[in-house]
Amino acid sequence: MNSPIVTRFAPSPTGYLHIGGGRTALFNWLFARGRGGKFLLRIEDTDRERSTPEATAAILRGLTWLGLDWDGEVVSQFERKDRHAEVAHQMLSRGTAYKCFSTTEEIADFREASNASYAVFRSPWREADPTTYPDAPYVIRMKAPRTGETVIEDRVQGTVRFQNDQLDDMICLRSDGTPTYMLAVVVDDHDMGVTHIIRGDDHLNNAARHKMIYDAMDWPLPIWAHIPLIHGPDGKKLSKRHGAVGVEEYQAMGYPAAGMRNYLTRLGWGHLDAEIFTSEEAMKMFDLDGIGRGPARLDFKKLENTCGHHMARADDAALLHELTAFMAVAGLDPLTETQRDLLSQALPFVKTSAKTFPQLLEKANFSLIFRPIAIDAAAQASLDTVSRGILKSLTLQLQNALWSKTELEPILTAAAAEAGIGFGKLAAPIRAALAGRTATPSVYDMMLVLGRDETLARLAEAAE
RNA sequence: GGCCCGUUCGUCUAUCGGUUAGGACACCAGGUUUUCAACCUGGGAAGAGGGGUUCAACUCCCCUACGGGCUGCCA
């Protein structure tokens, strides 16, 4: 039996949850959940200058909204700093690392002297005799091999080779005793038992350095899968000028989480003709081989379309629940009991044509407004004297009607015939009366949701 | 500068040496219709460029172009 799969998402808490990070988390989640494995969460907060608890909270909120649940406690990388230091010292005693007393000034001078800011720094302390060590602060550097090559077997990018003379002796432990990212990731991934590392391909080069640390400690290698970054619609690296980059912004725009997951899964991953699917279905299909090698562009039109499918298929109660949550983050007034009741009755038919929550609210607007109904200019145009008269007589005819579509249909049809107009001509003033606008759901659907009393009241009001 | 990665319709992708290069979004044209949508049908649309390897290349190799990443006592 194979060892259980363990994946992780390891964001640094310096801001909101980036949409690209959300997708990375999603891929890790799908992969682990689809194979009975574990999905862990670790906050890479070793940079004390830039890490904030607010950012951590925002990241957790974003993941929670996306529906990506993690196993166990959230790991704080910073809190593991003693363990990192311990490993650095183990490397020292294994002879795979050394103390370097070069100061940042000396390194800067070296770069300046070599007239190239990108020159590879070679520490003079690499082979120094410990008896010559000064009583001064030092960093612990990896004693990286200088010849040969380091080969990464990446599940997305394939075999990637690095010439070792291109790599420097990276710092593992800073002079203040805190670990650098390079050391911390490896130690944490090892200790947490991470078997598969799925992350952005901006880390592909780092993987070579990471491998050197695994090798230095004689630790088994994880399986790497470096996924391409997400780009904006123009093909450039996604940035704020493209609009929404934070996951929570998508929530605020009203995209349902299930649609968001579906869209993000298909962004950079494909499996035959699979397009619309639930997360459960995605877990069964998702595999590393299906991940594309090129960066994918965000396409809001397709996002919307995907969300539309999920909106239409959503369970009414769950949809109402998510809509309520959306209204809260969007800063909208909470629904009154009456609104909630009418809205849930409207949901079955308004959800089939809405793609986002604002659209859903827009289509269900008739169920949320109160008398007197504000009638916009376009709708007002259909309320001339003639149609007001028709509405008035219709009000009387509906007085004792049984309130079902089969009963209402013949009444409205007859009313149109009697007035010598087509049904469309009759529907327009009814829309105006019931919804105050020209674009509404079917007049029958609205009448049924509103009920006899409210319908008659609105018709009478418009007929005045 | 060096090193690394990428490149199939406008977009997301399928294809894993032999297909009329498939699907989806978007777009265009019809249809349905009680408005807006939604929905249905049809259509146009692709292997970055150049060399190889092979009976055969989108698929394998090389070069170029373009895009991206790394090159920190950031992650």
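Below, read A as the first sequence line, B as the second, and so on, with proteins coming before strands; counting in each chain starts at 1. Heavy-atom basis, side chains included; hydrogens, waters and symmetry copies ignored.
- At a threshold of 4.0 angstrom between heavy atoms, the contacts of A/Phe162 are confined to the sugar-phosphate backbone, with no base atom among them.
- Checking B/C60 for Watson-Crick or G-U wobble geometry (two distances, each under 3.5 Å) identifies B/G52 as its partner.
- Taking atom P in both B/G17 and B/C60, one finds a spacing of 8 Å when rounded to whole Å.
- In this structure, the side chains of A/Leu288 and A/Trp224 stay at 4.5 Å or more apart for every pair of heavy atoms.
- Closest to the side chain of A/Asp273, from the set B/C70, B/G22, B/C4, is B/G22.
- Here A/Ser353 does not reach the OP1 or OP2 of B/C39: none of its side-chain N or O atoms lies under 4.0 Å away.
- A/Gly268 comes within contact range of the sugar-phosphate backbone alone, with a heavy-atom separation under 4.0 Å but no base atom that close.
- Residue contacts for A/Tyr263: at a heavy-atom cut-off of 4.0 Å it reaches no nucleic acid atom on any strand shown.
- Across B/C25, B/G72, B/U7, the shortest atom-to-atom separation from the side chain of A/Arg293 is found for B/U7.
- Taking for each of A/Ile276 and A/Leu272 the nucleotide of RNA chain B with the nearest heavy atom, the 5'-most of the two is the partner of A/Leu272.
- Under the Watson-Crick or G-U wobble criterion, with both distances below 3.5 Å, B/U7 is paired with B/A65.
- Among the heavy atoms of the strands, none lies under 4.0 Å from A/Ser51.
- A donor and an acceptor atom sit less than 3.5 Å apart, one in the side chain of A/Asn206 and one in the base of B/A75.
- Across all strands shown, A/Lys351 has no heavy atoms under 4.0 Å from either base or sugar-phosphate atoms.
- Distance from the side chain of A/His203 is smallest to B/A75 among B/C70, B/A26, B/A75.
- Listed pair A/Lys363 / B/A38 fails the phosphate criterion, with no side-chain N or O lying under 4.0 Å from OP1 or OP2.
- Across all strands shown, B/G47 forms no Watson-Crick or G-U wobble pair with both key distances under 3.5 Å.
- Relative to the side chain of A/Lys301, the nucleotides B/C73, B/G69, B/A26 differ in distance, and B/A26 lies closest.
- Of the candidates B/U35, B/A75, B/C12, the closest approach to any side-chain atom of A/Ser12 belongs to B/A75.
- Comparing B/G6 with B/C61, their P atoms sit 10 Å apart, to the nearest whole Å.
- Side chains of A/His196 and A/Asn28: a donor-acceptor N/O pair is absent below 3.5 angstrom, by distance only.
- Note on A/Arg266: every side-chain N or O is 4.0 Å or more away from OP1 and OP2 of B/C25.
- Nucleotide B/G17 forms a pair with no other nucleotide shown, judged by Watson-Crick or G-U wobble geometry with both contacts under 3.5 Å.
- Residue side chain A/Lys302 does not reach the base of B/A26 through any donor-acceptor N/O pair under 3.5 Å, judged by distance alone.
- Among the protein residues, A/Pro11 comes within range of no part of the nucleic acid, since none of its heavy atoms lies under 4.0 Å from any strand.
- No side-chain donor-acceptor contact under 3.5 Å links A/Tyr263 and A/His310.
- Here B/A75 is the nucleotide among B/C4, B/A75, B/G72 with the atom lying nearest to any side-chain atom of A/Thr180.
- Pairing for B/C28 is with B/G42, a Watson-Crick or G-U wobble pair whose two hydrogen-bonding atom distances lie under 3.5 Å.
- Between the side chains of A/Thr265 and A/Asn262, no donor-acceptor pair of N or O atoms lies under 3.5 Å.
- Counting non-hydrogen atoms under 4.0 angstrom, A/Glu275 reaches a base of the nucleic acid.
- Heavy atoms of A/Ala428 sit nowhere under 4.0 angstrom from any nucleic acid atom.
- Here A/Leu267 lies in heavy-atom contact (under 4.0 Å) with sugar-phosphate atoms only.
- As judged by a 4.0 angstrom heavy-atom cut-off over every strand, A/Met170 is placed among residues making no nucleic acid contact.
- Within 4.0 Å of A/Val443, counting heavy atoms only, lies at least one base atom of the nucleic acid.
- Ranked by how close their nearest RNA chain B nucleotide is to the 5' end, A/Ile291 and A/Ser442 are led by A/Ile291.
- Contact of the A/Phe121 side chain with the A/Ser102 side chain is registered, since non-hydrogen atoms from C-beta on lie closer than 4.5 Å.
- Here the C1' atom of nucleotide B/U34 and the CD1 atom of A/Ile421 are 12 Å apart, to the nearest Å.
- The partner of B/C70 is B/G2, judged by Watson-Crick or G-U wobble contacts that both fall below 3.5 Å.
- The one candidate from A/Arg209, A/Arg111, A/Arg122 that meets the salt bridge (charged side-chain N to carboxylate O under 4.0 Å, His left out) condition with A/Asp168 is A/Arg209.
- Taking every side-chain heavy atom of A/Pro295 into account, B/G6 is the closest of B/G6, B/U11, B/A24.
- At a cut-off of 3.5 angstrom, the base of B/C73 holds no donor-acceptor pair with the side chain of A/Thr104.
- No contact: A/His226 has no heavy atom under 4.0 Å from any strand.
- Using a 4.0 Å heavy-atom cutoff across all strands shown, A/Lys425 reaches no nucleic acid atom at all.
- Atom CG in A/Asp201 sits about 13 Å away from atom P in B/G68, given to the nearest Å.
- In this structure, A/Thr440 reaches the bases: a heavy-atom distance under 4.0 Å links it to at least one base atom across the strands shown.
- Here the side chain of A/Ala427 is nearest to one of B/C73, B/U34, B/C3, namely B/U34.
- Side-chain atoms of A/Gln166 and base atoms of B/G2 include no donor and acceptor less than 3.5 Å apart.
- In this structure, the nucleotide among B/A75, B/C12, B/C4 sitting nearest to the side chain of A/Glu44 is B/A75.
- For A/Arg437, no side-chain nitrogen or oxygen approaches OP1 or OP2 of B/U35 to under 4.0 Å.
- Closest to the side chain of A/Asp47, out of B/A75, B/A14, B/G2, is B/A75.
- If you measure from atom OH of A/Tyr181 to atom P of B/C70, you get 11 Å, rounded to the nearest angstrom.
- Checked against A/Phe27 for a ring-ring contact (aromatic ring centres under 6.0 Å, His included), the options A/Phe9, A/Trp269, A/Phe286 give a single hit: A/Phe286.
- Taking the side chain as every heavy atom from C-beta outward, A/Leu360 and A/Lys351 approach each other to under 4.5 Å.
- With rounding to the nearest 0.5 Å, the separation of CD in A/Glu149 from CG in A/Asp165 is 10.5 Å.
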